[in-house]
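Values below: every heavy atom of this structure, side chains too, minus hydrogens, waters and symmetry copies.
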Amino acid sequence: MSTIVRMSVSALLSFTTALAILVRIIANPLSNVFQKQLTARSAHPLFITTTTFGFLSILCLAFSPSLHLLRLPPTFWTTMLTIGLLSAAGNVLLVKALQLGDLSVLGPINAYKSVVSIVLGVVLLGEVPGWLGLAGVVCIIAGSYFVLDSGTSDSWSWDVLRQPEIRYRLAALVCTATEAVFIKKAVLLSSPAISFVFWCILGFVVSLVWVAIALRHQWRQQLALAHTHWRTYLLLFLSVGLMQLSTNFAFEGIQVGYALALFQLSAVLSVLFGYRFFQEKNIRRKLIGAFIMVAGAVLITLTA
């Protein structure tokens, strides 16, 4: 009987992890669409980030009394503070990149997150990747050739890294990849739900201080824009909430590096959404690159 129970629990955890990964794959590019739509309507990236954290924090307050917060170890709080700082910075940089660049380019770049996580794994955890993992890294870099190249010249140039939207996106990627390692630690110290609650609340506190300093003369204008485009804001809040909550549950059942690699299946959706919502160009070339990058992400997962 105990064997059957263990097998049932294992099957349930596997199903939950798979469902979480699927939700994350869909929710992430959708949130990018709404972020880009709002910046196109003059919404400030910092204000978008702050209101997102704020709305989700309000929702979380209804659940916090039942989360046994006093039982959490001190390490959890220092971990969550680090997550709050990285999350606020990463989200602002991401929205700024989306304001300046194409979703069909910036979305697939997220595949580099699995590369960063491998490097962090080697440095912080002593996890050395195998041959399949290294092959996956090569595929991701090769796929980026097609995604980043506009197709207007015969050769790819490192000058693409001088584009501000690419720099913002890569900086955001480093923040969020590092954040993912700490989120995994927070999940292990508590639970996916508790980690999500404090991801929202601490992210809101950090970004609110930031917005009070940087946008003290613009907040009325930004509030008026939020009132006008409240439907898009609401869709953004819900998609970001689903994205992060599903990320936490995925981390509970799978290693960070492999989860981040699987998340890169959203690269194809990012290219398609860029074409559908913003009429972005060179989609065929970008799709080829996205599929190559996804293949690299899959290879990385096979090292598990």
Side-chain angles (χ1 to χ4, degrees), residues 27-53 82-117 119-120 140-141 143-150 156-181 203 206-211 213-215 218 222 225 232 236 239-240 243-244 247 260 263-264 266-267 269-271 273-274 277-278 280-282 286 289-290 293:
N28 184 56
L30 276 177
S31 67
N32 291 161
V33 168
F34 302 134
Q35 288 166 334
K36 187 169 179 62
Q37 287 176 338
L38 289 170
T39 56
R41 298 164 186 168
S42 301
H44 195 282
L46 181 54
F47 185 83
I48 293 173
T49 299
T50 305
T51 52
T52 301
F53 282 128
T82 303
I83 290 171
L85 294 170
L86 290 169
S87 181
N91 276 278
V92 170
L93 289 166
L94 170 60
V95 178
K96 184 64 177 179
L98 289 166
Q99 181 182 31
L100 300 175
D102 289 348
L103 176 61
S104 56
V105 171
L106 299 175
I109 285 178
N110 199 49
Y112 282 108
K113 188 183 289 187
S114 56
V115 178
V116 175
S117 69
V119 174
L120 290 174
I140 289 173
I141 295 173
S144 69
Y145 169 88
F146 294 94
V147 173
L148 296 178
D149 189 3
S150 64
W156 189 88
S157 172
W158 285 103
D159 289 342
V160 71
L161 297 179
R162 295 181 180 177
Q163 298 175 18
E165 65 270 25
I166 301 299
R167 290 185 175 184
Y168 280 125
R169 186 64 188 92
L170 292 175
L173 184 148
V174 172
C175 288
T176 54
T178 307
E179 175 197 0
V181 176
V206 172
S207 57
L208 185 62
V209 172
W210 193 353
V211 81
I213 297 172
L215 298 182
Q218 303 179 42
Q222 292 297 316
L225 282 170
T232 306
L236 172 62
S239 60
V240 170
M243 178 192 71
Q244 188 58 45
T247 297
L260 293 179
F263 293 165
Q264 305 324 313
S266 64
L269 288 179
S270 293
V271 173
F273 287 167
F277 292 104
F278 306 107
E280 294 172 1
K281 306 300 182 182
N282 303 312
K286 292 171 183 176
M293 296 173 87

For the atom pair [atom1] ([X]) and [atom2] ([Y]), what is the distance rounded to the nearest 0.5 Å?
{"X": "Thr49", "Y": "His44", "atom1": "OG1", "atom2": "NE2", "answer": "9.5 Å"}
{"X": "Leu100", "Y": "Arg169", "atom1": "CG", "atom2": "CZ", "answer": "13.0 Å"}
{"X": "Asn91", "Y": "Phe53", "atom1": "CG", "atom2": "CZ", "answer": "4.5 Å"}
{"X": "Thr51", "Y": "Leu46", "atom1": "OG1", "atom2": "CG", "answer": "9.5 Å"}
{"X": "Gln222", "Y": "Ile48", "atom1": "CD", "atom2": "CD1", "answer": "7.5 Å"}
{"X": "Ile166", "Y": "Leu173", "atom1": "CD1", "atom2": "CG", "answer": "11.5 Å"}

Where the side chain of Ser87 meets the backbone of Gly84, is there a donor-acceptor pair that is under 3.5 Å apart?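 No; zero donor-acceptor contacts below 3.5 Å.
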
Count the heavy atoms of every other residue, nucleotide or ligand shown that sit under 6.0 Å from OH of Tyr168, and state whether that count exceeds 12.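 Incorrect, the count does not exceed 12.
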
Atom of [X], atom of [Y] and distance for their closest heavy-atom approach:
{"X": "Ala27", "Y": "Ser239", "value": "CB-O, 3.6 Å"}
{"X": "Ala43", "Y": "Leu225", "value": "N-CD1, 4.1 Å"}
{"X": "Phe34", "Y": "Thr232", "value": "O-CG2, 3.9 Å"}
{"X": "Asn28", "Y": "Met243", "value": "OD1-SD, 3.0 Å"}
{"X": "Pro45", "Y": "Gln99", "value": "CG-OE1, 3.6 Å"}
{"X": "Ala172", "Y": "Gly90", "value": "CB-O, 3.4 Å"}

Min side-chain heavy-atom separation Trp210-Val92 under 4.5 Å: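 Trp210 vs Val92: side chains touch.
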
Quick one: are Gln35 and Asn32 in side-chain contact, heavy atoms under 4.5 Å?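 Yes, their side chains come closer than 4.5 Å.
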
